[in-house]
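Written out below as structure tokens is the structure these notes cover.
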Amino acid sequence: MGLVGKLKRPTMTLLAAEIFNSNYQKALPAAMAVEVFHNFSLVHDDIMDDAPLRRGKETVHEKWNVNTGILSGDAMLILAYQFFEKYEPATFRDLAQLFSKTALEVCEGQQWDVDFETRSNVTIPEYLKMIEYKTAVLVAAAMKMGAIIAETSEENGNAIYDFGLNLGLAFQLQDDYLDAFGDPETFGKQVGGDIIENKKTFLFLKGVALSEEKIAEQLTQLFSINSKDNEDKIKAVKTIFMESGAAEATQDAIRVYTFKAFETLDKLNISSDKKNMLRTFGEKLMSRNV
């Protein structure tokens, strides 16, 4: 989804290790595992989406072929697990257990995302669970891996996981919002892309839920067609998002999950300086210009 290259998941693993008084270098193999796994998922996602480009460059299956893309992704997943072999048995076990749980959740989230493309009755709780599994759990796991490597308490590990999970949810919801209302110069990708592709984002679902029946039907109709006049479609959809209150509701949800992330900092048994470091990290992450 929209977190590619922005959340820098491997950096989160290194940061968490240092927060819990371990040398970041000890966390490098786990950070590599997170990055290689993430890129494996992108290679396979691009095949499923039949995407010719990723960030302006040819996708693996497009540059070579689908079989090469599948096998490359498979090999990357195996390589990701091999990075854990750098650790002692007890640490290896804990990292692998968390990693396997996370990998299965990411796959489940991707399946839901695919299913939602052809469903007309997607609910907001379902959408939130989808982005939790497809996006936020890997952010959370990346941070908890740093805690595992630092051999901190279980309470600290669970709290830093919750911090990453809620921050990941807030970031993805912000990505939904910026896709419609972001500045093309600062957002980094085409504004209105989700609208053109008829993606049932939080904005869309809130727009349907908050609109009068006639407007909700109009919005649903707009998301059922592949328009040749994308500018008019984007303008019409954004107007409904604003007038229905969906835009404001999305911003409220972003704030809720950001605050939830910061609330978990109180549960961490670390110094105030390190809590402030995590808070600053979160604030910078969520301060993209619109």
Side-chain angles (χ1 to χ4, degrees), residues 1 3-5 7-45 47-48 60 69-113 129-169 172 261 264 267-270 278:
M1 302 187 77
L3 287 162
V4 183
L7 270 185
K8 298 184 173 137
R9 298 163 186 80
T11 304
M12 292 180 146
T13 304
L14 305 181
L15 173 65
E18 290 218 321
I19 286 290
F20 297 118
N21 302 315
S22 180
N23 189 314
Y24 79 89
Q25 291 180 324
K26 191 177 177 183
L28 283 171
M32 286 294 295
V34 170
E35 181 65 7
V36 172
F37 172 81
H38 175 58
N39 282 280
F40 138 74
S41 71
L42 298 182
V43 170
H44 280 196
D45 284 2
I47 293 170
M48 284 183 269
V60 174
I70 293 170
L71 289 170
S72 297
D74 292 345
M76 291 168 77
L77 179 57
I78 296 165
L79 285 170
Y81 273 96
Q82 284 186 327
F83 282 110
F84 297 134
E85 295 172 8
K86 303 288 186 182
Y87 297 101
E88 295 299 316
T91 303
F92 172 88
R93 179 199 63 211
D94 291 345
L95 289 172
Q97 285 179 347
L98 174 60
F99 196 68
S100 295
K101 171 182 174 290
T102 303
L104 285 171
E105 288 171 340
V106 170
C107 290
E108 188 173 348
Q110 172 64 9
Q111 181 63 61
W112 282 355
D113 194 23
K129 181 57 69 173
M130 184 274 285
I131 63 171
E132 176 185 333
Y133 275 19
K134 185 172 178 182
T135 299
V137 294
L138 188 56
V139 177
M143 301 209 80
K144 188 171 183 178
M145 283 182 192
I148 290 171
I149 291 160
E151 299 181 18
T152 188
S153 67
E154 184 177 353
E155 289 76 17
N156 274 343
N158 290 337
I160 200 71
Y161 182 92
D162 289 342
F163 173 78
L165 190 75
N166 285 300
L167 204 61
L169 285 165
Q172 185 56 54
T264 64
K267 300 176 184 177
L268 288 170
N269 185 22
I270 55 176
L278 287 170

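The analysis underlying the following values was restricted to heavy atoms, covering all of them including side chains, and did not include hydrogens, waters or symmetry mates.
In this structure, the separation between OG1 on Thr91 and CZ on Phe84 is 11.5 Å, given to the nearest 0.5 Å. Remark: Gln25 CD to Leu14 CG distance equals 10.0 Å, nearest 0.5 Å. In this structure, Glu108 CD and Tyr133 OH are separated by 5.5 Å, a value rounded to the nearest 0.5 Å. The CD1 atom of Ile149 lies 11.5 Å from the CG atom of Asn23; values are rounded to the nearest 0.5 Å. Of the inter-residue distances, the one linking Glu151 atom CD with Asn21 atom CG reads 12.0 Å to the nearest 0.5 angstrom. Annotation: the span from Asn158 atom CG to Leu165 atom CG amounts to 12.0 Å, rounded to 0.5 Å.
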Task: Step-by-step side-chain contact (heavy atoms from CB on, under 4.5 Å) determination, Ile19 to Asn156 - done: CA-CA 10 Å; Ile19 286 290; Asn156 274 343; over 6 Å; no
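Here the shortest heavy-atom pairing between Gly73 and His44 reads CA-NE2, 3.5 Å. Counting all heavy atoms, side chain and backbone alike, Pro10 lies closest to Glu35 at CG-OE1, 3.3 Å. Among all heavy-atom pairs drawn from Phe40 and Asp74, the shortest one is CD1-N, 4.5 Å. Listed here is the closest heavy atom pair of Ala16 and Met143: CB-O, 3.1 Å. Contact record, Arg9 with Ala142: O-CB, 3.6 Å, taken as the closest heavy-atom pair. Scanning both residues, Ala17 and Ala150, for their nearest heavy atoms gives O-CB, 3.9 Å.
Thr264 and Tyr161 share no donor-acceptor pair across their side chains, judged by distance under 3.5 Å alone.
One N or O on the side chain of Asn166 and one on the backbone of Asp162 form a donor-acceptor pair closer than 3.5 Å. Although no hydrogens or angles enter the test, the distance criterion places a donor-acceptor pair under 3.5 Å between the side chain of Tyr87 and the main chain of Lys26. Not one N or O on the side chain of Thr13 forms a donor-acceptor pair closer than 3.5 Å with the backbone of Gly146.
The closest side-chain heavy-atom distance from Met130 to Thr135 is not below 4.5 Å. Two residues are said to be in side-chain contact when any heavy atoms from C-beta on lie closer than 4.5 Å; Ser100 and Tyr81 meet this criterion. Put simply, the side chain of Phe83 does not reach to within 4.5 Å of the side chain of Val34, judged on heavy atoms. Taking the side chain as every heavy atom from C-beta outward, Glu155 and Asn269 never approach each other to under 4.5 Å. At a threshold of 4.5 Å between non-hydrogen side-chain atoms, the residues His38 and Leu42 count as touching. A 4.5 Å side-chain heavy-atom check between Val139 and Leu169 finds every atom pair outside the cut-off. For the pair Ile270/Thr152, no side-chain contact is recorded, criterion being any heavy-atom separation below 4.5 Å from C-beta on.
The aromatic rings of Phe37 and Phe99 stand perpendicular to each other, their planes meeting at an angle above 60°, with 30° marking the opposite boundary.
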